[in-house]
Structures are given as C-alpha cells and as structure tokens.
Protein chains: 2
Amino acid sequence: MYICSMYSKELLKGTLGVIILKLLEENGKMYGYEICQKVKDISDGKILIKDGSLYPTLHKLLKDGILTTEEVNIGKRVRKYYTLTPKGKSEKKMVVQELEDFMETLNKIVFTDNKTSPAL
Amino acid sequence: MYICSMYSKELLKGTLGVIILKLLEENGKMYGYEICQKVKDISDGKILIKDGSLYPTLHKLLKDGILTTEEVNIGKRVRKYYTLTPKGKSEKKMVVQELEDFMETLNKIVFTDNKTSPAL
DNA sequence: TTTGATACATCATAATTCTATGTATATTTG
DNA sequence: CAAATATACATAGAATTATGATGTATCAAA
C-alpha cells in the first residue's frame, strides 16, 4: 500500500474520519483493508488511504467509543471488523452534516463570482 | 480577531491557500485584514480566518513567488497589499481545479449511497 | 479616556496525515 | 516450486498547517 493520493494530502485532513464513519454506517461492518479498497473503488483511484493513516484513525475512533471491534479468524490470520456504536451513529450524522455545510460554504467562496454581488 | 470558526478547524486545512488565491485573483489586490473580512462576509460568519493563520500563510506564498507585496501608507500606518504573480495565477488555476475535483470525489463517497451500486 | 476596530507580526502548540518500517499469511504466475 | 504481488495488521517519527497567545501600534467612537 504505497501509492500516493492524487490530491494534496492536506485536502484530506478532517475528512478521513467522516469517510470512515459514512462507509461503516452504510455497510454495517468492515475491516481496515476493506475500507481502503472501497474508497479506492468509489473514487476511481483518486483517493488512496494509506495504512499509516487508516489504522491510527481507527484506533482513535475505537478509543473514543465511536467504534467497536470484533476479531474473526480467517485461516491463520486475524481480521478485525469495525462497527459503529450508538454514539458512533450520532457522531456520523453530526460530522456528515458539518462537512456538508462546510462544502456549501467553500463553494460560495471558491466557485462563485463574488466580485459583482454587492452583498445583500 | 479572536472568534472561532464554526467548522472543525481540520476541515479548513489545505483550503486556506486556495481561498486566498481565489479572492486575490478576483479582486486584483487585497490586504490581510481585508481578506479576513471578505471571507467572513461571503461565508456569513461561518469561516473566520485567524490572523495567526493568515499572515504566516501570506508570508509563505510570498516566499514561494506566488504573491508580491506593495506597501501603502494610510496615515501613519503601513498597509500591505498582496497581488498574484504570473506564477501565482497559474498556481491559482491548479489548486482551484484540484479542490473542485476533490470535492466532487468526496461527494461521491460521503453524500451518495454506495451500497446498491455494483460498481460496473 | 477607554473600548473596540483596524492592521500587522511571530512563536509555541495542537492536530492530523504521511513516510518508513516491520511482521506475517495467502495467492498468483512464470 | 520460487518469486512476486496482494492481503492484513501495526507503530514511531516526520511533515504540514491552523490555532492560541502574545505583542505592537493607529484610529474612531462612545
């Protein structure tokens, strides 16, 4: 897992957690590697979450009571499935709403002509 | 200049530079304080750039040859106007395009139901 | 005259992601 | 069968970037 995201890594900041929560709510339970692949698929390879970013984030969400884990043995390997806790579900709603608001505002600033409008 | 942005500060990461470049291209020249006020106005007070964030960013863009300055005396005060260099203009196009792409992708991931689509 | 707005600056801190590195199993391909 | 690639997790240190705190100074209004 060594390839680089197409986007400046800084743009992803603050959105990684939202992405994880959204996918987990949608799919019920997922394991780390699966999340990376899913994001890669949906984004057509444009967003590539590094494992060095993903696992620390998952551990933090776990510590904060947003997620729970369940270990499943696959052959000799242990696979860790993550699920949203009830707290995680409301947290998901919050951060998705926040992101939506923010993107709307950003749209107004960056993708709109603000020169002509005399404000009000 | 002490109030806090409505949004998690992490969401702003990577976008502050884009915002500055967009506003400067649109308005020709602006000074720091003016940029803060403009962003506040356009965003209805939702994005409040702190001076501790703005000035270091402006200095960095200056150092990188993205901006030039022009000092104007207003009474006894010196006001620093910033303008895009030619390099800055192409940089602006690049980062705005990058942000647009990223937001489109993020939309696909976070605001779309990805459960049903069997992904071709 | 004193409060708040205007206007700039910088340092230390916090937050977050990335790079690099490590371990180990499973599968595919030459 | 051997080697390469994919699967799957983990963590420490580095880099980036916005913020908080602090400082200086002018100007207008109450």
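Chain identifiers are assigned alphabetically (A, B, ...) following the order of the sequence lines, protein sequences preceding nucleic acid strands; residue numbering begins at 1 within each chain.
One atom, NZ of Lys60(B), and another, P of dT19(D), lie 16 Å apart when rounded to the nearest Å. With rounding to whole Å, Leu58(B) atom CG is found 13 Å from dA18(D) atom C1'. In this structure, Glu70(B) atom CD and dA7(C) atom C1' are separated by 17 Å, rounded to whole Å. In this structure, Asp64(A) atom CG and dA15(C) atom P are separated by 12 Å, rounded to whole Å. Summarising the geometry, the separation between CD on Gln37(B) and C1' on dC8(C) is reported as 14 Å, rounded to the nearest angstrom. Rounded to whole angstrom, the span from the NZ atom of Lys50(B) across to the C1' atom of dA7(C) amounts to 17 Å. Ile74(A) has its CD1 atom 20 Å from the P atom of dA24(C), to the nearest Å. For the pair Leu11(B) CG and dA18(D) P, the interatomic distance rounds to 12 Å; values are reported in whole Å.
Tyr31(A) does not carry Lys80(A) over the face of its six-membered ring by the limits of under 6.0 Å from the centre and within 45° of the normal.
By the 4.5 Å heavy-atom criterion applied to side chains, Asn114(B) and Asn27(A) are not counted as neighbours. The shortest distance between side-chain heavy atoms of Val96(A) and Val110(B) falls below 4.5 Å. The shortest side-chain heavy-atom distance between Phe111(A) and Leu99(B) falls under the 4.5 Å cut-off.
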Worked verdict on Asp64(B) versus Lys87(B) for salt bridge (Lys or Arg N to Asp or Glu O under 4.0 Å):
CA-CA 9 Å; Asp64(B) 293 345; Lys87(B) 184 184 171 188; over 6 Å; no
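Distances shown here put a side-chain N or O of Thr57(B) below 4.0 Å from the OP1 or OP2 atom of dA18(D).
Legend: residues meeting side chain to side chain donor-acceptor pair (under 3.5 Å) with Gln97(B), ordered by chain and number and at least two apart, are Asp101(B).
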In B/S/- notation, 5' to 3', how is nucleotides 9-16 of chain D contacted by protein heavy atoms closer than 4.0 Å?
BBB----B
